[in-house]
Amino acid sequence: FNALNAAFCDAVTGREDSEQILSTLEQANLFLLPLAGQERWYRYHPLFVEALRYEARQRLSEADRRACFLRASQWYEHSAQLAEAIEAALQARSFARAAGLIEQMTGPQRLHEAQELALVPCHRPDEVLTELARGVGLDRVEPDGGRAEAGDEDEDRRAERDEAALQQRAAHHRTSS
């Protein structure tokens, strides 16, 4: 997670003492950097982030890590941070939730946020990419204008081409608005 505060940490971990822990870490100047202009919001030191990710992979099952991301997505949604909620839902591999959040986000005043989100690199199954593209008002097309046919390429290659097409379309929509 790029930023955190006590309420967010409590929601993701299920604990109720995150404010005390964050305060202790901040006072000891340990791995926690306050975010400018955002009182009581922090980010971890980049090297510590890598260590935490490693520990999470070692200690938590895939299901537990996904559950953490799902709780984060729910907290972000409740806090009206839809771009972050979508990113966390994608990390949780809760693609239907991500698509629903994108639909919420695509009101006229928030369309630019959804288009920017389309540029976030993330590995998504082919059918999910199509669903997400529809959620931001884009048709799923290949960079050459054709449509992908099953069996034409291996799944990874199709996903890369779909991602590139979505990024191109998002960039086009952003510059034309």
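Everything numeric in this text was worked out from a predicted model, so none of it was measured.
In this structure, Arg97 and Leu70 approach most closely via the heavy-atom pair CD-CD1, 3.5 Å. Taking every heavy atom of both residues into account, Asn5 and Arg40 meet most closely at CB-O, 3.2 Å. In terms of heavy-atom proximity, Ala98 sits nearest to Leu90 at CB-CD2, 3.7 Å.
Remark: Gln74 engages no residue in a side chain to side chain donor-acceptor pair (under 3.5 Å) (not counting sequence neighbours). Annotation: side chain to side chain donor-acceptor pair (under 3.5 Å) contacts of Asp64 (sequence neighbours excluded): Ser61. Judged as a side chain to side chain donor-acceptor pair (under 3.5 Å), and not counting sequence neighbours, the contacts of Arg66 are Glu62. Here Asp10 pairs with Ser18 under the side chain to side chain donor-acceptor pair (under 3.5 Å) rule; sequence neighbours left out. For Glu19, the salt bridge (Lys or Arg N to Asp or Glu O under 4.0 Å) criterion is met by no residue, not counting sequence neighbours.
The distance from the CZ atom of Arg43 to the CG atom of Asn2 is 9.5 Å, given to the nearest 0.5 Å. In this structure, CD on Glu103 lies 12.5 Å from CG on Leu82, to the nearest 0.5 angstrom. Atom OG of Ser73 and atom CD of Gln91 lie 11.0 Å apart (nearest 0.5 Å). Within the model, atoms CD1 of Ile86 and CE of Met105 stand 4.5 Å from one another, a figure rounded to the nearest 0.5 Å.
Glu55 pairs with exactly one of Arg57, Arg59, Arg53 by the side-chain hydrogen bond (donor to acceptor under 3.5 Å, both in side chains) rule, that one being Arg59.
Counting side-chain heavy-atom gaps under 4.5 Å among Ile, Leu, Val, Met, Phe, Trp and Tyr, the cluster of Phe31 also holds Phe1, Leu4, Phe8, Val12, Ile21, Leu22, Leu25, Leu30, Leu32, Leu35, Trp41, Tyr42, Tyr44, Phe48, Val49, Leu52, Phe69, Trp75, Tyr76.
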